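In what follows, a single structure is set out as structure tokens and then discussed.
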Amino acid sequence: MPTDVRCLVEVDESSAVVRVTGVLEPSDTAAVRDALLARLWARPGPVVADLTGLRVTEPAVRAVFADVQREVEDWPAAALLVCDPVVGAAPGSDPALAGVAVLPSLDAALAVLAESPMAAVLSADLPPVLGAAREAREMVADGCRRWGVPALAEAGGIAITEMVNNVVAHAGTPMTVRLAPVGETLHLAVRDHSARQPAFAGPAPVNSPGGRGLLLIDMVARRWGSSPVPDGKVVWCVLDPEDQPRL
């Protein structure tokens, strides 16, 4: 295969498969990352990156797929599987893909998807208005009832209120709110269309009129963070019932 073949990311809107073809060079990794993150947000549940038609110029560039998996592992209902006939035939043989589920064929990857339970997830598109936080809290309360994690309803309401209000106050764009259970934990995320990343500098001064939103999230969440994605960001957090006595 000639090295001037472009690396292409082809999304199949009707399935969970994303085909990455051509030649992957270091200069392509940012575009591949963005394309995969965009698809992982657009389609809740596991996504398969099919590398059957991909050639790499340097083995280390495969690390982009591990980077994407680490980025989304705390998003609600998101995971990346990789189909790679070479690496999948010898699991663990490529350290660049450490932490990623690698399958030897597309059929094997699709079989894993077929055996996976349907992702439990709630999602809503909301405008950047003051009433958005109330609607998001109601969705969290509903999810906690559905999924048998009522102990997280209060913390979830606090976290989602601050995440949504940050979009209203600072991003001013439409947003998507999403939540999903993982075992006994609850994963929350808000995706907006502003590249401005949240900045947490610790507790705000007592006389400060604002700045406590991220502090509240930090208090109730086991962990939280922000993922840059094309045309915006995803702010996420993970709530665990073991942490709730701190409330």
Side-chain angles (χ1 to χ4, degrees), residues 7-21 24 29 31-54 62-94 96-125 143 146-147 149 176-191 222-223 225-230 233-240:
C7 180
L8 298 176
V9 180
E10 301 171 284
V11 174
D12 180 352
E13 297 292 346
S14 66
S15 78
V17 177
V18 176
R19 288 182 171 82
V20 188
T21 61
L24 178 61
T29 56
V32 170
R33 173 195 178 278
D34 284 352
L36 290 174
L37 290 179
R39 185 56 176 159
L40 282 156
W41 179 262
R43 188 186 191 283
V47 166
V48 175
D50 181 6
L51 312 188
T52 304
L54 184 71
R62 283 197 184 94
V64 65
F65 302 103
D67 292 342
V68 168
Q69 169 55 25
R70 283 191 294 270
E71 193 71 61
V72 305
E73 63 186 353
D74 285 324
W75 287 13
L80 182 69
L81 307 179
V82 167
C83 165
D84 188 313
V86 176
V87 179
S93 63
D94 190 342
L97 289 174
V100 182
V102 184
L103 289 306
S105 69
L106 185 57
D107 285 345
L110 294 177
V112 170
L113 289 185
E115 294 169 2
S116 301
M118 184 175 294
V121 60
L122 291 176
S123 188
D125 296 324
R146 291 189 190 195
W147 301 323
V149 287
T176 301
V177 176
R178 185 169 294 162
L179 55 145
V182 178
E184 295 185 346
T185 66
L186 183 65
H187 294 228
L188 309 175
V190 177
R191 195 258 202 257
R222 169 147 294 193
R223 54 189 177 272
S226 179
S227 306
V229 297
K233 63 182 176 294
V234 174
V235 179
W236 54 266
C237 71
V238 177
L239 306 178
D240 192 304

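Everything numeric here is computed off the predicted structure, so don't read it as measured data.
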Kindly indicate whether a cation-pi arrangement holds for Arg178 with Trp41, taking the cut-offs as under 6.0 Å to the six-membered ring centre and within 45° of the axis. yes
At their closest point, which heavy atom of Arg191 faces which heavy atom of Pro230, and how far apart are they? NH2-O, 2.8 Å
Which residues pass the side chain to side chain donor-acceptor pair (under 3.5 Å) test with Arg39, sequence neighbours left out? Glu13
Can you sort out the partners of Trp147 under ring-ring contact (aromatic ring centres under 6.0 Å, His included), two or more places apart, ordered by chain and number? none
For Ala49 and Leu80, which heavy atoms make the closest approach, and how far apart are they? CB-CD1, 4.0 Å
Using every non-hydrogen atom in the two residues, find where Pro228 and Leu37 come nearest and quote the distance to one decimal. O-CD1, 3.7 Å
Is there a side-chain contact between Cys7 and Val32 in this structure, where contact means two heavy atoms from C-beta onward sitting under 4.5 Å apart? yes
Spacing of Thr29 atom OG1 and Leu36 atom CG [to the nearest 0.5 Å]: 11.5 Å
Straight-line distance of Leu97 CG to Leu51 CG, nearest 0.5 Å: 7.5 Å
So which atom in Val234 and which in Ala189 form the shortest heavy-atom distance, rounded to 0.1 Å? CG1-CB, 3.9 Å
Counting C-beta onward and ignoring hydrogens, is there a side-chain heavy-atom pair between Leu54 and Asp84 closer than 4.5 Å? no
Between the main-chain N or O of Asp74 and the side-chain N or O of His187, is there a donor-acceptor pair closer than 3.5 Å? yes
About how many Å separate CG of Leu239 and CG of Leu188, when rounded to the nearest 0.5 Å? 5.0 Å
When you check the gap from the basic side-chain N to the acidic O, do Asp67 and Arg33 get nearer than 4.0 Å? no
pair Leu106-Arg19: side-chain heavy atoms closer than 4.5 Å: yes
Just by distance, no angles: are the side chains of Ser105 and Asp107 close enough, under 3.5 Å, to form a donor-acceptor pair? no
Is the closest side-chain heavy-atom distance between Arg43 and Val11 below 4.5 Å? no
Would you name the heavy atoms of Ala120 and Pro181 that are closest together and state the gap between them? O-CD, 3.2 Å
In terms of heavy-atom contacts, does CD of Glu73 have more than 12 from other residues, nucleotides or ligands at under 6.0 Å? yes
Quick one: list whatever passes side-chain contact (heavy atoms from CB on, under 4.5 Å) with Ala63, sequence neighbours left out. Ala96
Show, in sequence, the C-alpha distance, side-chain angles and deciding distance for Val72 and Ser227, and conclude whether the side chain to side chain contact (heavy atoms under 4.5 Å, CB included) test is met. CA-CA 8 Å; Val72 305; Ser227 306; over 6 Å; no
Measuring only between side-chain heavy atoms, which start at C-beta, is Leu122 closer than 4.5 Å to Arg146? yes
Non-hydrogen atoms of Ala77 and Ala119 that approach each other most closely: CB-CB, 3.9 Å
Is there side-chain contact between Arg222 and Thr185, with heavy atoms separated by less than 4.5 Å? no
